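Computed from a predicted structure; not experimentally measured. When a ligand or atom number is given, it counts from 1 through the structure's own listing order.
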Amino acid sequence: MQTSFTPEQLADPHVAESEKILRRCVHCGFCTATCPTYVTLGNELDSPRGRIYLIKDMLENGRPADQEVVTHIDRCLSCLACVTTCPSGVDYMHLVDHARIHIENTYRRPLIDRLIRNLLAAVLPYPQRFRAALILAKLGRPLAPMLKRVSALKPLGAMLDLAPKAAAKASDATRRGTHPAQAEKRGRVAILSGCAQPVLDPGINDATLRLLARLGIDVVVPEGEGCCGALVHHMGRENEALDFARRNVDVWTREIDRGGLDAIIITASGCGTTIKDYGHMLRLDPAYAEKAARVSALAKDITEYLATLDLPKLEPKRLNVAYHSACSMQHGQKITALPKNLLKVAGFTVRDPAEGHLCCGSAGTYNILQSEISAQLKARKVRNIEATKPDVIATGNIGCITQIATGTEIPILHTVELLDWAYGGPKPEKLPTK
Ligand code: SF4
Ligand code: SF4
C-alpha cells in the first residue's frame, strides 16, 4: 500500500512504525474471510482491510479520530485472526494498538461511555476492588434486563450477566513467596498471579502450582506483581498499560537477579500475549527496553513450559475434551498443537470444534463494551463446541472460560486443571462426580 506521510510525521517513532506496517498491506482481502466481525456484520469497514484504510486515512492526515473510525475500531476484537491469515505479514496488532492510543488521545467519547470505561479501568486490574465489585454485582443482577434495554447502559447489564453467581474460594496460589518443589528439583519459575483470574477462578493457578511442585519445580509468586496491563492497553490507555508493564518488569528482574528464573509462567493467554510484547511496548524507554525484552523472552504459557518437562504418556481415559483455542493463544502466541498434544498424552480424547479460528466474543472487555456482537459470536462458538459432543471443554484463557460458561451447560476448565488431575491432582470440582 502506498503511503504519503511527511518527514515531520515520520519523525514520530509510532507513526514511523505504523507507516511500515501499512506499506506491507497489498489489499488482497484474504483477511476478511477469517475476521469474526466481518463474518458477523458483513461490512467492509468491520474487516481488517477496511480498518487498515480507516487508520491510514486518520494517521496520514494527522486527524483526530472521528465517530466513524471509533465505531469500527471499537468493534475490532483484537483477536488477531487477520494476522494469522495475512500472507504479507501485516502486523495488524501494533497498528490497531497505535490507532487505539490515537483515539484515546484525540476523541471525546459520550459521557456514559467514558464513565463505564473509567470504571472498568479502575476496577478490573485490581483484585480487591474486583472482588468487592462482584459482591455488588450479585446484588444488582436483577437490574440487568432493565439496563440492557437502554442503549448507553447495555455494558452495565452485560457486566452483571457475566459476574459469577457465587464468589470463588480464596486460594493458596496468590500467597507470596516460594512454593517449593515436592520432588527432586528440576527448575525455578515465577508465576503471574494477575488480576481477574485469581478472583474469578483461583483453582487454575492452584492446579498449576500443584502440578509444577510434583514435577520438581520451585514456583515463586513475587511480592508486587499484578495486572499485566492488557485490559487498559486494549482501551488505548497507554500510560497506564506501561506503568503496569514497568512494575512487573521490575518485580521479575529482581527475581531473576535473586535466584535466576527458567521461565515466567502465565496461565491466561490474554496476559501472555501482552507480556511477550513488553519488549516492544517499552522499546523506546531506555531505562526499561533491555529488561523488558528479557522478561518477554522468559514469558511462557504454562503449556509451553510443561511441554519441556517430558510428561509421561498415560492410559486412555473415557473423557472427550473439546479444545477451544483462545485467540490470544493461537493467533497472539501461535501456540496451536501444544496444549492438545499434552491432553492427548495425558489420556484424553481431544476434539477440534469447527471454525476454531473464530473468537468466542470474550476479548478482554469486549463482551461488556460490545455485548451484542459478542453474544452472536458466543452463540456460534457454543454451537460448534456442542456439535463435537464433548464431556468437557478445555481452554487456556480465563476470559474464554467466563464467556463460554454463560452459554452452555458443559463444564469448561483450564487445560492445566485437566493435566493436574491426570498426573495425580484432585478431580476438578466442575466435573461430574461419575
Ligand atoms: S483483530 Fe480480529 S476482529 Fe480485529 S480486524 Fe483482525 S480479525 Fe477482525
Ligand atoms: S490479508 Fe494482509 S495484505 Fe491482504 S488485505 Fe488483509 S492485511 Fe492487507
Side-chain angles (χ1 to χ4, degrees), residues 1-3 17-60 65 68-103 230-231 233-236 269-270 272-274 276-277 280 324-334 336 355-378 380-381 397 399-400 403:
M1 179 183 286
Q2 277 200 330
T3 58
E17 182 191 38
S18 289
E19 192 247 7
K20 275 204 194 96
I21 299 170
L22 289 166
R23 289 177 78 92
R24 290 193 82 104
C25 176
V26 294
H27 325 251
C28 65
F30 286 174
C31 51
T32 56
T34 57
C35 170
T37 54
Y38 182 75
V39 169
T40 304
L41 304 169
N43 180 347
E44 170 74 15
L45 293 180
D46 288 315
S47 77
R49 185 172 58 181
R51 293 185 176 114
I52 288 169
Y53 277 119
L54 288 173
I55 296 169
K56 173 182 185 286
D57 189 51
M58 173 175 77
L59 296 179
E60 222 169 39
E68 184 186 42
V69 174
V70 174
T71 298
H72 298 291
I73 298 297
D74 278 357
R75 285 185 192 155
C76 169
L77 295 133
S78 277
C79 70
L80 308 181
C82 49
V83 176
T84 299
T85 307
C86 176
S88 299
V90 171
D91 179 4
Y92 177 84
M93 176 171 102
H94 290 124
L95 184 67
V96 81
D97 284 350
H98 184 195
R100 290 202 160 105
I101 296 167
H102 189 77
I103 289 171
L231 283 163
H233 182 56
H234 290 147
M235 288 186 201
S269 60
T273 305
T274 300
K276 287 181 177 180
D277 198 42
H280 182 272
H324 163 69
S325 188
C327 298
S328 43
M329 189 77 83
Q330 60 171 319
H331 305 305
Q333 298 183 55
K334 308 289 178 223
T336 50
E355 300 185 324
H357 61 282
L358 285 183
C359 181
C360 67
S362 167
T365 55
Y366 194 91
N367 48 5
I368 294 171
L369 296 170
Q370 298 285 335
S371 56
E372 285 176 8
I373 304 171
S374 167
Q376 290 183 57
L377 290 170
K378 176 172 71 179
R380 188 168 181 151
K381 181 60 69 185
N397 192 43
C400 309
Q403 170 85 342

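Under the 4.5 Å side-chain criterion, counting only non-hydrogen atoms from C-beta, Arg100 is not in contact with His233. Annotation: side chain of Leu41 is in contact with side chain of Ile373 (closest heavy-atom distance under 4.5 Å). For the pair Gln376 and Arg380, the minimum side-chain heavy-atom distance is 4.5 Å or more. Between Cys28 and Pro87, the closest side-chain pair of non-hydrogen atoms falls below 4.5 Å. The side-chain heavy atoms of Cys35 and Arg49, taken from C-beta on, include no pair separated by under 4.5 Å.
Around NZ of Lys20, the count of heavy atoms belonging to other residues, nucleotides or ligands within 6.0 Å does not exceed 12. In Glu44, the CD atom is crowded: over 12 heavy atoms of neighbouring residues, nucleotides or ligands sit closer than 6.0 Å.
Summary of contacts: the protein heavy atom closest to atom 6 (Fe) of ligand 2 is Cys31 SG, 2.3 Å. Considering only non-hydrogen protein atoms, atom 7 (S) of ligand 2 sits nearest to Ile52 CD1, 3.6 Å. Given atom 3 (S) of ligand 1, the protein heavy atom at minimum distance is Leu77 N, 3.4 Å. Considering only non-hydrogen protein atoms, atom 4 (Fe) of ligand 1 sits nearest to Cys76 SG, 2.3 Å. The protein atom (non-hydrogen) at minimum distance from atom 5 (S) of ligand 1 is Arg51 NH1, 3.1 Å. Of all protein heavy atoms, the one lying nearest to atom 8 (Fe) of ligand 1 is Cys35 SG, 2.3 Å. Closest to atom 2 (Fe) of ligand 1 among all protein heavy atoms lies Cys79 SG, 2.3 Å.
The side-chain contact (heavy atoms from CB on, under 4.5 Å) test with Thr85 singles out one residue from Thr32, Val90, Leu80, Thr34, and that residue is Thr34.
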Chi angles and distances behind the side-chain hydrogen bond (donor to acceptor under 3.5 Å, both in side chains) call for Arg24, Ser88: CA-CA 6 Å; Arg24 290 193 82 104; Ser88 299; over 6 Å; no
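Assignment of Pro87 to the shell around ligand 2 is supported, since a heavy atom sits closer than 4.0 Å.
If you number the atoms of ligand 1 from 1 as listed, the ones under 4.0 Å from a heavy atom of Leu80 come out as 1 (S), 2 (Fe). Within ligand 2, counting atoms from 1 as listed, the ones closer than 4.0 Å to a heavy atom of Cys86 are 1 (S), 2 (Fe), 3 (S), 7 (S). Close contacts of ligand 2 with Gly29, meaning ligand atoms under 4.0 Å from a residue heavy atom, involve 4 (Fe), 5 (S). Within ligand 2, counting atoms from 1 as listed, the ones closer than 4.0 Å to a heavy atom of Val26 are 3 (S), 8 (Fe).
Of the heavy atoms in Ser88, only side-chain atoms (C-beta onward) come closer than 4.0 Å to ligand 2. Contacts of Thr32 with ligand 2, taken as heavy-atom pairs under 4.0 Å, are absent altogether. Residue contacts with ligand 1 for Tyr38 are absent, since no atom lies close enough (heavy atoms, distance under 4.0 Å). Only backbone heavy atoms of His27 (N, CA, C or O) come within less than 4.0 Å of ligand 2; its side chain stays farther off.
Put simply, Cys28 gets within reach of atom 4 (Fe) of ligand 2, with an N, O or S atom under 2.8 Å from it. Atom 6 (Fe) of ligand 1 lies under 2.8 Å from an N, O or S atom belonging to Cys82.
Note on ring orientation: taking the six-membered ring where Trp is involved, the planes of His280 and His94 are parallel (angle under 30°, cut-offs 30° and 60°).
Of the inter-residue distances, the one linking Arg51 atom CZ with Asp46 atom CG reads 5.0 Å to the nearest 0.5 angstrom.
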